[in-house]
There are 2 protein chains.
Amino acid sequence: MTDTAKPRREQILDSASRLFSERGYHATSMRDLAGDLGMQGGSLYAHISSKEELLIEIVNQASRQFDEALFTLRAEAMPADQKLREAMYRHIRVVADNMDSATVFFHEWKHLSPEAYARVTGWRDTIDAFYRELITQGVQEGTLRADLDIKMTAYLVLSAVNWAYTWYRPGGSLAPRDVAEQFADMLLGGLRAPTGAQP
Amino acid sequence: MTDTAKPRREQILDSASRLFSERGYHATSMRDLAGDLGMQGGSLYAHISSKEELLIEIVNQASRQFDEALFTLRAEAMPADQKLREAMYRHIRVVADNMDSATVFFHEWKHLSPEAYARVTGWRDTIDAFYRELITQGVQEGTLRADLDIKMTAYLVLSAVNWAYTWYRPGGSLAPRDVAEQFADMLLGGLRAPTGAQP
DNA sequence: CGCCGCACCAAACGCCCGTTTGGCAGCGTG
DNA sequence: CACGCTGCCAAACGGGCGTTTGGTGCGGCG
């Protein structure tokens with residue numbers, strides 16, 4: 001209660017996340033953004049240095065959230081199926097808790113300047129590698145099927161957790177935990193009914 | 001050989017698909033597009049009526065491809081697991097054969113005018129309903145697990161086939177059929193190794 | 001009280017946008 | 001040869017863009 005309002009700069013970043021995610025980066029003008037905050041376009045530049053700085057900061061923020069959520073899992077010792085379940089939960093939670101910046105992250109990273117662009121690409125590779133390691137570990141320890149193609153399996157898992165940004169609605173009846181549990185159950189156990197007849 | 005070159009209008013649509021998918025709709029100017037075709041910006045308007053017409057036509061084209069691929073499957077009588085496999089194959093094939101327009105479709109539909117926007121939303125609902133019906137059928141006939149949540153299962157399948165636009169590269173070693181078969185195998189059979197121990 | 005610095009406004013800058021216009025080569029047809 | 005049509009160019013239009021600039025009201029501090 002020492003300071004009831006967020007710093008102006010954070011308010012700007014919040015508004016920018018929302019508007020960029022709703023309309024896209026290039027379709028949002030600085031005057032749109034300023035209007036959303038009740039000010040004039042030029043006044044923004046007392047707090048930020050450029051429009052691209054906003055995009056970079058939003059994307060970096062999202063990257064950091066994913067990193068923090070997944071990196072601590074890397075070294076933990078647990079069965080791969082359980083670890084995969086936990087990774088999916090954390091991944092989806094980050095998406096769900098940051099719908100706006102996650103959407104901007106997935107949609108607008110192409111518009112970054114070369115350095116920031118390269119950083120995002122590098123981050124993607126890191127996450128890819130994380131899931132591939134996890135799956136490889138699972139195959140080696142016998143928790144996951146031995147005939148899995150590591151790369152394709154990672155793509156499948158990443159599809160499930162990333163695509164959530166297009167349909168998940170926070171505040172609905174589904175918590176991130178529910179989504180992750182259901183997805184993990186289906187992915188690990190399979191959709192087919194256990195019939196007993198098998199070629 | 002009666003006419004070696006495509007009609008100019010089709011060339012424009014092809015270029016627009018590529019540029020819109022690479023840079024985004026708003027980040028591509030009409031002068032960029034014209035330059036790609038070796039002409040002046042204003043000259044485009046001898047063949048098209050507006051920039052948005054291009055976006056609408058690209059998105060409609062993609063919608064039509066999905067419709068044609070999936071609609072014929074609806075009435076066919078086959079076990080649901082096999083039908084799901086075939087649907088995933090056709091879905092991924094459309095994405096793979098139309099990477100540019102599919103990317104535009106997934107990324108830029110938000111920027112359409114209200115009528116075209118509503119049409120795309122309606123299309124999405126149709127595809128959603130198609131997969132939900134298919135899964136419901138599978139549960140009823142006993143091919144798929146009885147405890148599946150229909151909506152979540154459809155989300156999972158759609159994630160897998162839609163997200164392909166972000167990573168698939170035509171001309172690589174993976175044909176759409178390979179991707180679909182692997183995804184369907186993993187989804188239907190599950191990732192977990194058959195141990196024999198089960199609660 | 002006088003002063004500073006902060007947050008903002010109003011206006012302007014140069015540039016690029018989507019689109020329109022008028023004109024002009026080339027060419028197949030009468 | 002004259003005609004009109006097609007496909008394009010060069011230039012311009014009004015407007016919006018991201019950003020800069022000079023000025024102003026105001027709260028806090030010496």
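Excluded from the calculations below are hydrogen atoms, water molecules and symmetry mates; all remaining heavy atoms, backbone and side chain alike, are included. So that the names make sense, note that chain A is the first sequence line, chain B the second, and so on, each numbered from 1.
Side-chain atoms of B:A46 lie closest to D:dC8 of the nucleotides C:dG18, D:dC8, D:dG18. Taking every side-chain heavy atom of B:M39 into account, D:dC8 is the closest of D:dC8, C:dC8, D:dT19.
When rounded to the nearest whole Å, the span between CD1 of B:I12 and P of D:dC8 equals 8 Å. C:dC16 atom P lies 11 Å from atom CG of B:D32, rounded to whole Å. Straight-line distance from the CG atom of A:L54 to the C1' atom of D:dG18: 12 Å, rounded to whole Å. Per the geometry, CE belonging to B:M30 stands 16 Å off C1' belonging to D:dC13, to the nearest Å. With rounding to whole Å, A:H47 atom NE2 is found 12 Å from C:dC9 atom C1'. Taking atom CZ of residue B:R31 and atom C1' of nucleotide C:dG18, one finds them 7 Å apart after rounding to whole Å. Taking atom CD on B:Q40 and atom C1' on C:dT19, their separation rounds to 14 Å, with Å as the unit. Remark: C1' of C:dT19 and NZ of B:K51 are 12 Å apart, rounded to the nearest angstrom.
With hydrogens and angles disregarded, a donor-acceptor distance shorter than 3.5 Å links the side chain of B:K83 to the backbone of B:R74.
Counting any heavy atom pair closer than 4.0 Å across all strands shown, A:T28 reaches sugar-phosphate atoms only and no base atom.
Two residues, A:S43 and A:A27, neighbour DNA chain D, and the one matched to the more 5' nucleotide by heavy-atom proximity is A:A27.
Between the side chains of B:S17 and B:D100, not a single donor N or O lies within less than 3.5 Å of an accepting N or O.
Here A:Y131 and A:H91 bring their ring centres to under 6.0 angstrom of each other.
Within the structure, every side-chain polar atom (N or O) of B:S29 is placed at least 4.0 Å from both OP1 and OP2 of C:dC16.
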List, one per line, each side-chain donor-acceptor pair under 3.5 Å for residues 66-73 of chain A, sequence neighbours excluded.
residue : atom : partner : partner atom : Å
A:D67   : OD1  : A:W123  : NE1          : 3.2
A:T72   : OG1  : A:R90   : NH1          : 2.9

